[in-house]
Amino acid sequence: MFLLRAFAPWLLLAFLGQQASLSYGARNKHRGADPTGLTSSPGRAQRSGKSAATGRGKFSIDNEEMQCTWAAKDVGGDTVKLTVKCENQEARIKGGVTDMDCEYNGKPQLCPGYQSNPKGYWKQVARVFKRLQDRVCKDEQALVRAVMCKRAPREANFKLDVGSSSMAAQSGEPEIAKPSACRGKAERLKKAEHHCGGWASVCSFFFSMVQSEDC
C-alpha cells in the first residue's frame, strides 16, 4: 500500500505527459492539412491561371478605304468573342458599303500556345485579319486561326457568327452638270459674226443684254 501511494504521482505525471504528446501531434497534423477540407485538382489550378482575353487591333480592307477594328472579350466558359467593326468614309460620298459589323466566336483556351504566350497569340490573330481582307464578316468558312494553334481542335479557332453580320450602304451623291461659264459667250460671238460681220463685237454685246445666259 505504501509503494502504491509513493508511485501514484509519478504514474499520473507519465499519463498526463503521454496525453499532451498525443494532443500536440494531432494539432500539427491538422495544421498541415487544407483548412477548407478540399484538395486542389489540376483542372482547378488550370482554370485559375486562365488568361483574360485582352486582344485588340486594327486592319484595313480594299486598299485602306475601309478601316476596321477588332477586340476580344470573354463571354463565359472558355468561349471568347471577337467583335469586328468597319467603316468607310469615302463610301458616304461616292456610294457603297459604309459600315460593317460582325462577331467571331472561338475557344482559344484549347490551344496550348494561347496559355503559354497570349501576347504572341493575339499578334498572330491580327495578321490573319489582315490577310482575310474582303472575306471578313462574309465568309463563314474563313476561320481566324493562329499559326501556333494549327494542331489545336477546330473549336479553338474563331468562326464567324453569320447571324451577327450586318452591313450598311448608300448611294453616292449625284454630280450636277454645270454649263461652262463662258459657253454662252462663245455662242453669242459666233452668232454675231454670222449676222453682223465686222460689227460682231457690238452685236455680241447687244445679244448679251437680251439673253439670260451667264458670261
Q: Which atom pair, heavy atoms only, marks the closest approach of Pro108 to Tyr121?
A: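 Taking every non-hydrogen atom into account, CB-OH, 3.4 Å.
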
Q: Shortest non-hydrogen contact from Ser165 to Cys102?
A: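 Minimum heavy-atom contact is OG-CB, 3.6 Å.
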
Q: So, using salt bridge (Lys or Arg N to Asp or Glu O under 4.0 Å) as the criterion, who are the partners of Asp134 when residues are at least two apart?
A: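 Expected list: none.
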
Q: Heavy atoms only: give me the nearest Gly106-Phe158 pair and the separation to one decimal.
A: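 Shortest heavy-atom separation between Gly106 and Phe158 comes out as N-CD2, 3.4 Å.
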
Q: Using salt bridge (Lys or Arg N to Asp or Glu O under 4.0 Å), reason through Asp101 and Lys85 one step at a time and then give a plain yes or no.
A: CA-CA 5 Å; Asp101 302 271; Lys85 296 182 180 295; 3.6 Å; yes

Q: Between Val128 and Val144, which heavy-atom pair has the shortest distance, and what is it?
A: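 Closest pair (atom of Val128, atom of Val144, distance): CG1-CA, 3.8 Å.
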
Q: Can you list everything that forms a salt bridge (Lys or Arg N to Asp or Glu O under 4.0 Å) with Asp161? Sequence neighbours excluded, please.
A: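 Partners of Asp161 under the salt bridge (Lys or Arg N to Asp or Glu O under 4.0 Å) test: none.
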
Q: Which salt bridge (charged side-chain N to carboxylate O under 4.0 Å, His left out) pairs, counting each pair once, include a residue from residues 116-128, with sequence neighbours left out?
A: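 Counting only pairs at least two positions apart or across chains, no salt bridge (charged side-chain N to carboxylate O under 4.0 Å, His left out) contact touches residues 116-128.
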
Q: Which pair of non-hydrogen atoms, one from Cys68 and one from Ile61, has the smallest distance, and what is that distance?
A: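 Closest pair (atom of Cys68, atom of Ile61, distance): SG-CD1, 3.7 Å.
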
Q: Please name the pair of heavy atoms, one in Met148 and one in Cys111, separated by the smallest distance, quoted to 0.1 Å.
A: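 Closest approach of Met148 to Cys111, heavy atoms only: O-SG, 3.9 Å.
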
Q: Can you tell me how far NZ of Lys73 sits from OG1 of Thr54, rounded to the nearest 0.5 angstrom?
A: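 Atom-to-atom, Thr54:OG1 and Lys73:NZ are 14.0 Å apart.
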
Q: To the nearest 0.5 Å, tell me how far Asp99 CG sits from Gln89 CD.
A: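 Reported value, rounded in 0.5 Å steps: 8.5 Å.
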
Q: Verify, without hydrogens or angle tests, whether Thr98 (side chain) and Ala168 (backbone) share a donor-acceptor contact under 3.5 angstrom.
A: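 Side chain of Thr98 to backbone of Ala168: a pair is present.
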
Q: Evaluate the side-chain proximity of Val84 to Val136: yes if any heavy-atom separation is below 4.5 Å, no if none is.
A: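 Counting from C-beta outward, Val136 and Val84 do come under 4.5 Å.
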
Q: Among pairs that include at least one residue of residues 58-69, which meet side-chain hydrogen bond (donor to acceptor under 3.5 Å, both in side chains), considering only residues two or more places apart or in two chains?
A: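 Every pair satisfying side-chain hydrogen bond (donor to acceptor under 3.5 Å, both in side chains) with a residue in residues 58-69: there are none.
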
Q: Test: ring-ring contact (aromatic ring centres under 6.0 Å, His included). Region: residues 124-157. Which pairs qualify, not counting sequence neighbours?
A: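 Output for this query lists Phe59-Phe129, Trp70-Phe129, Tyr104-Phe129.
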
Q: Assigning hydrophobic clusters by single linkage (Ile, Leu, Val, Met, Phe, Trp, Tyr; side-chain heavy-atom cutoff under 4.5 Å), is Leu132 placed with Met167?
A: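 Yes, Leu132 connects to Met167 through the hydrophobic network.
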
Q: So which pairs with a foot in residues 139-157 pass side-chain hydrogen bond (donor to acceptor under 3.5 Å, both in side chains), sequence neighbours left out?
A: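 Every pair satisfying side-chain hydrogen bond (donor to acceptor under 3.5 Å, both in side chains) with a residue in residues 139-157: Arg135-Asp139.
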
Q: Kindly indicate whether the side chain of Val97, heavy atoms from C-beta on, has any atom under 4.5 Å from the side chain of Met66.
A: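 Side chain of Val97 against side chain of Met66, heavy atoms only: contact under 4.5 Å found.
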
Q: For Lys138, which residues count as a salt bridge (Lys or Arg N to Asp or Glu O under 4.0 Å) partner, sequence neighbours excluded?
A: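 If we apply the salt bridge (Lys or Arg N to Asp or Glu O under 4.0 Å) test to Lys138, skipping adjacent residues, there are no hits.
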
Q: Output all residues satisfying side chain to side chain donor-acceptor pair (under 3.5 Å) with Asn105, sequence neighbours left out; order by chain, then residue number.
A: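 Checked Asn105 against side chain to side chain donor-acceptor pair (under 3.5 Å); zero matches.
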
Q: Identify, with sequence neighbours excluded, every residue that meets salt bridge (Lys or Arg N to Asp or Glu O under 4.0 Å) alongside Lys81.
A: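 Salt bridge (Lys or Arg N to Asp or Glu O under 4.0 Å) check on Lys81 returns Glu103.
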
